[in-house]
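See below for the structure under consideration.
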Amino acid sequence: MTDPDESREDFDRRLSQARKRREKTEPQNRQSAFGQAFRLSSEMVVGVVVGGFIGWWLDYWLGTEPWFLLLFFFLGVAAGILNAVRAATEMNKQANED
């Protein structure tokens, strides 16, 4: 009959090897492609919506329609693009580290 301590040590060794193999094949903290696309698109949409709302509200409050709406709409587009580029750069950096 086999020694229980020897069997346990063999099991622990095989378990450690299996965990190491799994860590190599499955990178941690990796987002799915759908998650990445959703994040980038939401960065763009939020910038446009917030900019448009601020412009609309200022136009309503000051009675200057449509000037602030146009101005803040384009500022929102620029902010959305900038945020999306920053997020993509961060995702790329994280993927290169993995």
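Summarising the geometry, atom CG belonging to Asn83 is positioned 10.0 Å from atom CE belonging to Met44; distances are rounded to the nearest 0.5 Å. Rounding to the nearest 0.5 Å places CG of Asn92 at 5.0 Å from CG of Asn96. Between atom CH2 of residue Trp57 and atom CZ of residue Phe72 there is a gap of 10.5 Å, rounded to the nearest 0.5 Å.
Applying the under-4.5 Å side-chain rule to Ile, Leu, Val, Met, Phe, Trp and Tyr, the cluster around Phe34 consists of that residue alone.
Within a 6.0 Å radius of CZ in Arg13, more than 12 heavy atoms belonging to other residues, nucleotides or ligands are found.
Side chains of Met91 and Leu40 form a contact here, defined as non-hydrogen atoms less than 4.5 Å apart.
In this view, Trp67 satisfies the ring-ring contact (aromatic ring centres under 6.0 Å, His included) rule with no residue, not counting sequence neighbours. Annotation: side-chain contact (heavy atoms from CB on, under 4.5 Å) contacts of Val46 (sequence neighbours excluded): Val50. Residues passing the side-chain contact (heavy atoms from CB on, under 4.5 Å) test with Leu69, sequence neighbours excluded: Trp56, Asp59. Residues meeting the side-chain contact (heavy atoms from CB on, under 4.5 Å) test with Leu71, sequence neighbours left out: Phe68, Leu75.
Under a hydrophobic clustering in which Ile, Leu, Val, Met, Phe, Trp and Tyr are joined whenever their side-chain heavy atoms come within less than 4.5 Å, directly or via other members, Val45 and Val77 fall into different clusters.
Note on residues 73-90: pairs passing salt bridge (charged side-chain N to carboxylate O under 4.0 Å, His left out), not counting sequence neighbours, are Arg39-Glu90.
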